[in-house]
Amino acid sequence: MLFDRLTLAMHLLRRDGILSMYIDENEHYNAALVLSAVFGKENRAGDIIWKNSSKNDQSYVSMQHEYLMTAVVDKNVNKGNWTEKKEGLDEIYAAFAKLRKEHGTDWKAIHAAALKWYATFPDSNPIRDSKHYSWMDERGVYFPDNISGPNFGQYRYDVIHPMTGRVCKEPSSGWRYPEETMLQRIKDGLVHFGDDETTVPNNKTYLKNTEFQSLTSIKYRDGRVASKTLASLFGGKAFTNPKDYELSSRFLKAFETDREIIVDHFAGTGTTGHAILHLARNSSEKRRYILVEQGDYFDTVLKPRMMKVVYSADWSEGKPTAPETGISHAFKVLKIEGYEDSLNNLELKRSDAQANLLNELSEAARDDYLMRYMLDVEAKGSLLSVSDFQKPFDYTLKIAIDSAGAWEERKVDLVETFNYLIGLTVRHIDIQARQGFVTVEGWLPTGEKTLILWRDCEKLGYEELTRLCDKLKINPADSEFDVVYINGDHNIPSVVETTEEEGSLVKKLMLRQIEPAFLDAMFNVDDV
C-alpha cells in the first residue's frame with residue numbers, strides 16, 4: 001500500500017519537491033526500505049525523532065517516540081537549506097527583560113539569576129538548548145564565544161584588561177582578529193572580559209543574531225497537547241492520537257514551503273490544514289493545500305475542524321474564545337467517486353445463456369469473473385451514458401455514506417468533473433442552472449483558450465440554443481476561443497481549422513461535443 005502511494009506521490013512533486021511522513025516504530029523499517037526504493041537512497045533527507053510520550057508501561061523497550069521521515073525528489077535541485085527558529089526565544093527574552101528591571105545594569109547579578117532560571121527547566125525543554133546565552137548588556141542577551149584564531153599563531157599581541165590594566169591571558173592559538181580590529185571591537189563593547197586578566201576574553205555572540213539554526217533531528221513535544229487541542233475544538237475526545245499542528249507548522253516553515261502547494265495524502269484529522277492556517281494567521285506567508293481522506297471522520301472531524309480554525313484561533317469546550325482572530329479563507333470540498341460507489345451503480349445485464357454458463361463456474365471463479373466484467377465492461381454504460389448528458393445538472397449516483405454499505409442518491413457535478421478530466425485551467429464560470437445553462441472559460445493544457453457550454457437539452461433545444469449563443473455572443477467561427485465544447489445535438493455550425501505540420505495537412509475541429517470527450521477521458525485507461 002505504501003509503495004503504491006509513494007510512487008504516485010513522487011510523480012506529483014517537482015524536482016525540488018519534498019515528501020515527509022509520520023510513522024511509528026512498527027513500520028519504520030519497512031517505510032525506510034520503501035522510501036529508498038521509490039526516491040532512491042541518495043535522496044533520503046533524514047529522520048526526525050518526535051519524543052511525544054513518557055510512558056513506561058511496555059515490556060522490553062517502552063517506546064516514547066515517533067518518526068518524521070523525509071526525502072526529496074532530487075538533492076541536486078533541493079539543496080536542503082532547512083533552518084528553524086530556536087524554540088523558547090519569547091520566554092528567554094521575557095525572562096531577561098524581567099531580570100533587567102530587577103537588577104538594572106548589574107550584569108553579573110543578571111547572569112547569576114539567569115543561570116538559576118535556566119536550571120528550572122528539564123533537559124528535554126528546548127529552552128535549555130540556549131542556556132549558554134546567560135549574559136546580557138545594553139545590546140541584549142549574549143554568550144561569551146571563543147575568540148581564538150583559526151590558524152595557530154596567526155595573530156599575537158597584548159590585550160589589556162579594562163579594569164586591572166594588565167595583559168590578559170592569550171588563547172593558545174592566538175587571537176581571531178588583527179590587532180586593529182580587536183581594539184575596535186573592544187571599543188564597541190563586543191568583547192567579554194573576565195573578572196581579571198587571568199581569564200581569556202571572549203567574543204559576544206548575541207542571541208538576536210543567532211535565532212535560526214539547522215533543522216535538528218530530535219523534537220520534544222508532549223503528544224497529549226495535540227489531543228487537548230482537538231478536544232478543545234470539539235468539546236470532547238474526537239480522535240485517538242492526532243498529530244501536533246504546531247510541530248507540523250514548524251516543519252512546513254523549515255522546508256521553505258511558502259507559496260507552495262502542500263498535499264497530505266493521509267489527512268486524518270486535518271493537522272496539516274490546521275498548521276497551514278496557523279502559519280497564515282501569524283505571518284504573511286501563503287500556502288495552498290490539498291487534504292485527502294477516505295475515513296468517515298472527514299465529515300465529522302476534518303472538515304469541521306478546518307471551519308472552526310478559520311473562525312477562531314482558540315477554542316474551549318467546543319466554543320470559540322477568540323472570534324476576533326478569524327481570517328478570510330475559502331476551501332472547496334470534493335467527494336471523489338470511490339470503489340464502493342462504482343459497485344453500487346453497476347447494472348449487470350446478461351442473457352439466459354450467459355446466466356447458465358456462469359452457474360457452471362465455481363463460486364470463487366464466478367465472483368472473480370463478475371467483478372472484472374462489471375468493472376471493465378458494464379461500468380461504462382452503468383455509471384455514465386450519452387443520455388445522461390441531456391440533463392447534466394440532474395445527474396445522480398448512489399453514493400456510499402458509511403462503511404456498513406448504506407448509500408443515498410446524490411447529485412454529481414459533471415461540469416466540475418469535466419474540467420478536471422480535460423485538465424482545464426478555469427478562468428471564469430457562469431452558472432445559470434435555472435435558465436438551463438452553465439458556461440466555463442479557461443485554457444487547456446495545450447494553451448488553447450476554451451469555452452464549454454453545458455445546457456439542459458430539454459429546456460434549450462436547437463432554436464433556444466441558437467438564441468442563447470447569439471445572446472452570449474458565442475460564435476465558434478470567430479477567433480475569441482480556440483476550442484468550444486457543447487453537449488447534446490445542435491445545429492451550431494462546426495468550424496474546422498486546417499494547418500500544415502511537418503509537410504502534412506492537419507484538420508482540427510474547433511467545435512467539439514462534450515459527450516465523447518468526457519467518456520473517453522473518463523474510461524480510456526490506456527492513456528493513463
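Just so we're clear, the structure is a prediction, and the values are computed from it rather than from any experiment.
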Next on the checklist: Going by salt bridge (Lys or Arg N to Asp or Glu O under 4.0 Å), name the pairs with one or both residues in residues 319-339, residues two or more places apart or in two chains.
Outcome noted: Lys332-Glu416
Polar side chain donor-acceptor pair, [X] to [Y], under 3.5 angstrom:
X	Y	value
Asn203	Thr205	no
Tyr118	Asn125	no
Glu448	Thr446	yes

Next on the checklist: Tell me if the centroids of the rings in Tyr485 and Phe418 come within less than 6.0 Å of each other.
Outcome noted: yes
Checklist entry - What residues, two or more places apart in sequence or in another chain, satisfy side-chain hydrogen bond (donor to acceptor under 3.5 Å, both in side chains) together with Thr439? => result none
Checklist entry - Who passes side-chain hydrogen bond (donor to acceptor under 3.5 Å, both in side chains) against Lys308, sequence neighbours left out? => result none
Next on the checklist: Given 3.5 Å as the limit, does a donor-acceptor pair link the side chain of Asn43 with the main chain of Lys75, or not?
Outcome noted: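 It does hold such a pair.
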Item to check | Listed partners of Glu293 passing salt bridge (Lys or Arg N to Asp or Glu O under 4.0 Å), at least two apart | outcome: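 Partners of Glu293 by the salt bridge (Lys or Arg N to Asp or Glu O under 4.0 Å) criterion come out as none, since no residue qualifies.
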Checklist entry - What residues, two or more places apart in sequence or in another chain, satisfy salt bridge (Lys or Arg N to Asp or Glu O under 4.0 Å) together with Asp222? => result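 Asp222 satisfies salt bridge (Lys or Arg N to Asp or Glu O under 4.0 Å) with Arg224 once adjacent residues are dropped.
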Checklist entry - Listed by chain and number, what are the ring pair (Phe, Tyr, Trp, His ring centres under 6.0 Å) partners of Phe121, not counting sequence neighbours? => result Trp117
Next on the checklist: Going by side chain to side chain contact (heavy atoms under 4.5 Å, CB included), Val309 matches just one of His329, His274, His278. Which one?
Outcome noted: His274
